[in-house]
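Throughout, protein chains are lettered first and strands after them, A, B, ... in sequence-line order, and every chain is numbered starting at 1. Treat the numbers as computed from the prediction; the structure is a model and nothing was measured.
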Amino acid sequence: MNGLAAAMSWQNFIFALIGCVLGTLIGVLPGLGPAAGTAILIPLTFRLDPTGALIMLSAIYYGAMYGGTITSVLINVPGEAASVVTCFDGHQMAKQGRGGTALGIAAIGSFVGGIAATIALVVVAPPLARVALSFGPPEFFALMLVGLGLVTSLAGRSLAAGLAMAVLGLLIAMVGIDPVRGAPRFTFGIPSLYDGVGFIPVVMGLFGVAEILLTIGAPTRQVIATKLTSLLPSREEWRRSWGAIGRGTGIGFFLGLIPGVGAIIPTFVAYVFEKRISKTPEHFGQGAIEGVAAPESANNAYANAAMIPLLTLGIPSSPTIAVLMGAFIVNGLTPGPFLFQERPDLVWAVIASFFLGNVLLLILNLPLVGLWARILHLPYQYVCVGTLLFCILGAYSLQQNVFDVGVMIVCGIIGYGMRKIDLPIAPLVLGLILGPFIEKSLRTSLEMSGGDFSIFYTRPLCLGLLVVSALILVASALRLAPAEVREASKN
Amino acid sequence: MRRGWQVACVCLLGIFVSALITSLGYSLTDALGPGPGFFPFWLSMIGMALTSGLLVQLVGGRIFADPAVEILPSRQVALQGGSVLIALTGAAAVLEPLGFRLTMLLFIAGLLLALGARSLLAIALTAVAGSFGVFHVFYYWLKVPLPIGALGI
Amino acid sequence: MSRVITAIISAATALALNIAGAIGQDFPNRPIQLMVAYPAGGSTDIAARIVASIAEKELGQPIVVVNKGGAGGQVGWTDMVRQKPDGYYIGFINLPATNTVILDPERKAIFSEKDFTPIINQVLDPGVIWVKSDSPYKTVQDLIVAAKNSPNTIRAATTGILSDDHLAILMTEEAAPGAAFRLVHLEGGAAQFKEIMAGNVDVAFDNVGSIVPRVRSGEVRALAVLDDVRSKFLPEVPTTKELGYPTIISNSTRGIAGPKDMPAPIVAKLREVLKKAMEAPEHVKKLEEQGIAIRIMVGEEYAKYFADTHAKAKKYTEWAKNRPQK
């Protein structure tokens, strides 16, 4: 506990501050995701002492989580992969002149999510860490199937269309090296496809570029120019948001404990869950504030919770955290149970910096929200060209490959078409995300069991999750079938 | 709208059929279970079934009780959208040969003009900031490599 | 109008003359790109950034690390062989990963071993067999006996299909006839660590650099180092040679190469600068802190090493492709 006090040294405060600022910038800047951004900055930290370096790098990590939100809301371009879901409602809010409110609630939700997760980290870390270990490849597979069950809530007017989009997403995810033979699949001899169709170029196209194509010259631009309504949510919006923030935090936290889940899945789950239990689900996708509050809280709760397996067991939950772990190791420290014992001062200092960082992020970002929202007031030609510059830069800088820019443009056209005829995009994105997880975890499970499928029903947690996913599927089918019949009988 | 969905369904069907055929070229099973072709095959089958079902529903008039929404854009909007696409494709094509700075300079200035921006000063400033300025930040400060073209720019 | 055209032509000519002049000048006169065929933050990447930050001071131009991850490195190497061999684009090759990509017919690599100009090797990370600290296997012999008694039951984890770990398991099976492992291909060392801790796999084949800190902390037990000399980072761990298995020698090397046909003076300059950087105390200290063994190889020695590794990998790659998995 002394560490908490020690962390409040001036130096560490400065490091946390720098980290938050850099992190937010990295999140805002296109393409440069938290993993790459953190890796690039590792050599900078060689000059600092280990504690300071780690505090700064951790701050960059969750600062980036927030930064990605800004572009999602303002220009419908996810600044980094995890911010995709915020585009659904966040940008709609911006188009209605409530962009400031969206950013504000995102900041608040992120703050709550982050602090709650950090408190849980302090209070119950070791027992929670066991959760990380109990999720092996079979459980992971089952969990991904549960995630797939979410697709029915995102389908919109036609379940068949939603499912078809999800299937398409899953298929696109199969492009690249397969997990079975390690050989290229669906690559048609294009080396740039060997690693699959990049997720970020696809969503930048489907959301960002498509949005530009849709709103060019449209009179809606004028709506944004009207007086920017108050930055604070209305009382009604507060009421709706609190529940969403709480639920999002819980979901993000739990999923953060499971290594390998990645930052996008908690945001999807939180969003869909919120939509399911809402009394007004039709508002989602049109600018519902819960649709921003839930994923944002989930996002930051996830980011902070994902540090638990790292600090307690030395297991990195995601590629970004693996980079962070690399930073630890380069500075001569190996995260794990022994680090807690050998250098508790260091670990507590890092944990204290999480509290500090979350507070700093809130303080930094809330006042800036008004400034950010003003960007939309610029003449639309500049916003349009700026967004596209952003997108090109982002898509290219991922792998220094023009092919990714091409993918983005093609997806922009596809996204435009889909939006025009109201085909649901979210199931496609979900399929694209879950596809690789599902196939790889299935394959690894079978490698572990030597081809024996019983591994899926002899492990209790896995079996439980499979049952849950089956239930979700059945429940959705029952729920939606009557609605479709009702629609049909109207004709 | 219904027409739009019909077109989309036909396209989807085409995609699923070609995926099905390609996946037959990969082995469907393996010593341990599903092979590389397994999931693509079955996914394509499911996709084809769903899309066909959707087509049937569309033709039978079961979806879309709402009146037809105008989906083809007006001429002016189409021109602007077209110029965006041309600009994007052109930029992607010359990004590596010409280098980031030149490409973006032309892209920003060109597209701003095409979309109707007026102030030449603002256009010039934005173009320079967006090309040379951005390059400097990313290449020299952030060490993110951006293309330098044949002209050394 | 004609005045405009004249102006354009003169400007273009001036530009062209400038470029022509530039080519004749000393190398390098602009930043160099150093490609890493894996995503940011990995072991190769961190070591690359360390060496780049030191070498660029000597070189006089920035060395920008470019990550081109994907397909186990294939994306990055494919890209590199297509670059101009002018010295401004070089990258890391990881042996035997680069070799197996070339040798696996299903990967359809567009490059072969002749498409590279090896410049200098940086790291040689010997393979290691390790288990959880409370595992029933206390020695390699325990492991092999168990693998013989119940073939295809002991779950052995690799860090990727056709990685050096994968080949090492095959070498083990070859050296101990009758022993057969159940191969579980995971993605990277972190995943291996997690699955071992969770008890989902029984033994891991990886490289020394990845687990030195964990051996020191007592979380894991290293059974053997797959080399003919003991590792200075794990001095108490026996080598496979000592244990009577001198054919199980496996390691992962990371070195810098360029596309083929690079001019000799440029190669020499790069080699000199990089060697100096690799010998610098800061570089040595940072790498050794992580348990990564530096092994500088240049010229003939490196080329020969490449060829030898390639020949060895060929044998095991063919076996790996045909080996039944159950």
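- In terms of non-hydrogen atom pairs under 4.5 Å with chain A, the most contact-rich of B:Pro40, B:Gly130, B:Gly25, B:Gly81 is B:Pro40.
- With a 4.5 Å cut-off on side-chain heavy atoms, B:Gln80 and B:Gln76 count as touching.
- Comparing B:Pro34, B:Pro36, B:Gly53 by how many heavy-atom pairs each has under 4.5 Å with chain A, the most go to B:Pro36.
- Within the 4.5 Å cutoff, the side chain of B:Leu115 has heavy atoms near those of the A:Cys384 side chain.
- Among the candidates A:Ala161, A:Pro179, A:Gly406, A:Gly435, the residue making the largest number of heavy-atom pairs closer than 4.5 Å to chain B is A:Ala161.
- Counting heavy-atom pairs closer than 4.5 Å to chain A, the top-ranked of the candidates B:Leu85, B:Val7, B:Thr51 is B:Leu85.
- Using a 4.5 Å cut-off between heavy atoms, A:Phe186 contacts chain B through both its backbone and its side chain.
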Got a list of side-chain donor-acceptor pairs under 3.5 Å for residues 104-112 of chain B, not counting sequence neighbours?
none

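- Residues A:Thr387 and A:Glu211 are not in side-chain contact: their nearest non-hydrogen atoms beyond the backbone lie 4.5 Å or more apart.
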* Asked: Checking salt bridge (charged side-chain N to carboxylate O under 4.0 Å, His left out) for the pair A:Glu447/A:Lys440: CA distance, chi angles, key distance, verdict?
  -> CA-CA 10 Å; A:Glu447 282 175 358; A:Lys440 282 198 187 103; over 6 Å; no
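- Neither the backbone nor the side chain of A:Phe403 has a heavy atom closer than 4.5 Å to any heavy atom of chain B.
- Proximity of A:Val180 to B:Tyr26: side-chain heavy atoms (C-beta onward) are nowhere separated by under 4.5 Å.
- With a threshold of 4.5 angstrom between heavy atoms, B:Val134 approaches chain A through side-chain atoms but not through N, CA, C or O.
- Chosen from A:Ile413, A:Leu442, A:Leu388, the residue pairing most often with chain B at heavy-atom distances under 4.5 Å is A:Leu388.
- Both the backbone and the side chain of A:Leu446 have a heavy atom closer than 4.5 Å to some heavy atom of chain B.
- For B:Leu12, the part sitting under 4.5 Å from any heavy atom of chain A is the side chain, from C-beta outward, and nothing else.
- Inter-residue side-chain proximity for A:Ser454 and A:Ser449 is flagged as unmet; no heavy-atom pair is nearer than 4.5 Å.
- B:Ala91 touches chain A through its side chain: at least one heavy atom from C-beta onward sits under 4.5 Å away, while N, CA, C and O do not.
- Note on A:Val209, A:Ile438, A:Leu168: by heavy-atom pairs under 4.5 Å with chain B, the leading option is A:Leu168.
- Interface check for chain B: of the options A:Glu439, A:Met408, A:Gln400, the most heavy-atom pairs under 4.5 Å are formed by A:Gln400.
- Proximity to chain B is absent for every atom of A:Met418, based on heavy atoms less than 4.5 angstrom apart.
- With chain B as partner, the option from A:Met174, A:Arg185, A:Met165 having the largest number of non-hydrogen pairs under 4.5 angstrom is A:Arg185.
- With a 4.5 angstrom heavy-atom cutoff, A:Leu213 touches chain B only via side-chain atoms.
- Looking at heavy atoms from C-beta onward, B:Gln57 lies out of side-chain contact with B:Ser52 at the 4.5 angstrom threshold.
- When heavy atoms are compared at a cutoff of 4.5 Å, B:Ile15 approaches chain A solely by way of its side chain, counted from C-beta outward.
- Counting only heavy atoms from C-beta outward, the side chains of A:Leu171 and B:Ser44 approach each other to under 4.5 Å.
- In this structure, the side chains of A:Tyr382 and B:Ile123 come closer than 4.5 Å at one or more pairs of heavy atoms.
- How far CD1 of A:Ile172 is from SG of A:Cys411: 7.0 Å, rounded to the nearest 0.5 Å.
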